[in-house]
Amino acid sequence: MKTKTDRTKNSEDLKAFFHSKKLKCTPQRLAVIKALRESGAYMSINQLDRKVKEMLPGTGLATVYRALETLEELGLVVKVHLEDGCHSYAVAPEGHRHPVVCTVCNKVIEFAECPLDTLSEKLSKDTGVQIDNHFLQLFGKCRECRT
């Protein structure tokens, strides 16, 4: 089975993945994935919009938002909430990860350890609610911004 990272390596894999989900593999969706993959970092919507417009000049901001929404639903892209209320996006990493966001420079550091697994099990047992997923994000100052 291909991982999320494998599915974004080339356009043929992406096309096959989209078709398996009965979705169109539009040039705009491909451009968003390409921009994120090439940056190798989290990008704001404005950065992403500029990059996509370089590849596809007629693309509107609403189209970029719709592409991101679909890519996020498919698990190909992840969104990080920033303290200023804005969001940044990146290609989804392999495995279950949580972001730590620097409140000064907005740098995002991901960590794989998940302290919520045990808590989710306990809450499921205590409340009777089957917890299927969770989102944990932490904020602080990165090493560089503390100095």
Side-chain angles (χ1 to χ4, degrees), residues 1-9 11 13-14 17-18 20-21 23-56 58-147:
M1 182 167 146
K2 291 189 177 236
T3 64
K4 290 174 189 169
T5 304
D6 291 340
R7 293 190 306 237
T8 64
K9 284 196 174 167
S11 61
D13 286 341
L14 272 170
F17 178 70
F18 275 101
S20 74
K21 301 291 184 186
L23 293 169
K24 291 181 182 177
C25 186
T26 66
Q28 294 82 2
R29 290 173 180 169
L30 288 175
V32 168
I33 286 282
K34 182 178 181 187
L36 290 170
R37 190 176 352 115
E38 287 177 356
S39 83
Y42 281 83
M43 295 178 74
S44 71
I45 188 66
N46 291 330
Q47 293 169 318
L48 196 49
D49 183 49
R50 280 192 298 275
K51 202 70 168 153
V52 169
K53 277 182 173 56
E54 288 174 16
M55 292 181 252
L56 299 168
T59 306
L61 181 60
T63 301
V64 174
Y65 269 113
R66 283 192 303 273
L68 280 169
E69 185 177 291
T70 300
L71 295 169
E72 188 180 7
E73 287 172 9
L74 292 171
L76 297 174
V77 168
V78 291
K79 174 172 46 175
V80 171
H81 306 274
L82 303 178
E83 276 210 329
D84 62 6
C86 294
H87 300 101
S88 284
Y89 302 86
V91 171
E94 281 188 59
H96 184 77
R97 301 202 182 270
H98 296 284
V100 178
V101 180
C102 177
T103 56
V104 177
C105 68
N106 286 332
K107 177 179 177 181
V108 178
I109 303 157
E110 293 176 342
F111 65 98
E113 183 180 332
C114 184
L116 294 180
D117 290 338
T118 305
L119 179 60
S120 291
E121 287 176 28
K122 181 182 179 338
L123 286 172
S124 285
K125 187 182 281 187
D126 292 351
T127 64
V129 175
Q130 180 181 338
I131 297 173
D132 297 322
N133 203 352
H134 63 263
F135 178 79
L136 171 67
Q137 183 173 318
L138 303 169
F139 295 93
K141 288 184 184 170
C142 70
R143 186 172 289 128
E144 291 82 14
C145 291
R146 284 195 321 262
T147 59

Considering all heavy atoms, the nearest [X]-[Y] contact:
{"X": "K51", "Y": "A35", "value": "CG-CB, 3.6 Å"}
{"X": "D132", "Y": "Q130", "value": "OD1-NE2, 3.1 Å"}
{"X": "E113", "Y": "H98", "value": "O-CD2, 4.0 Å"}
{"X": "V32", "Y": "A67", "value": "CG2-CB, 3.9 Å"}
{"X": "C142", "Y": "C102", "value": "N-SG, 3.3 Å"}
{"X": "K34", "Y": "M55", "value": "CD-SD, 3.7 Å"}

If we ignore hydrogens and angles and just use 3.5 Å, is the side chain of [X] paired with the main-chain N or O of [Y] as donor and acceptor?
{"X": "S124", "Y": "I131", "result": "yes"}
{"X": "H87", "Y": "K79", "result": "no"}
{"X": "K53", "Y": "T59", "result": "yes"}

* Report yes if some heavy atom in the side chain of H134 is under 4.5 Å from a heavy atom in the side chain of D117; otherwise report no. =>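 Heavy-atom side-chain distance check passes, below 4.5 Å.
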Out of curiosity, [X] [atom1] to [Y] [atom2], how far, rounded to the nearest 0.5 Å?
{"X": "E69", "Y": "L74", "atom1": "CD", "atom2": "CG", "answer": "11.0 Å"}
{"X": "L71", "Y": "L36", "atom1": "CG", "atom2": "CG", "answer": "8.0 Å"}
{"X": "E73", "Y": "L23", "atom1": "CD", "atom2": "CG", "answer": "9.0 Å"}
{"X": "F18", "Y": "L30", "atom1": "CZ", "atom2": "CG", "answer": "7.0 Å"}
{"X": "T118", "Y": "L123", "atom1": "OG1", "atom2": "CG", "answer": "11.0 Å"}
{"X": "T70", "Y": "R29", "atom1": "OG1", "atom2": "CZ", "answer": "4.0 Å"}

* Asked: Can you check side chain to side chain contact (heavy atoms under 4.5 Å, CB included) on T63 and T26, steps first, answer last?
  -> CA-CA 11 Å; T63 301; T26 66; over 6 Å; no
* **Partner of Y42 under side-chain hydrogen bond (donor to acceptor under 3.5 Å, both in side chains), chosen from E110, Q47, K107** =>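 By the side-chain hydrogen bond (donor to acceptor under 3.5 Å, both in side chains) criterion, Y42 pairs with just one of E110, Q47, K107: E110.
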* Asked: Pick from V64, L56, I33: which one makes a side chain to side chain contact (heavy atoms under 4.5 Å, CB included) with Q28?
  -> L56
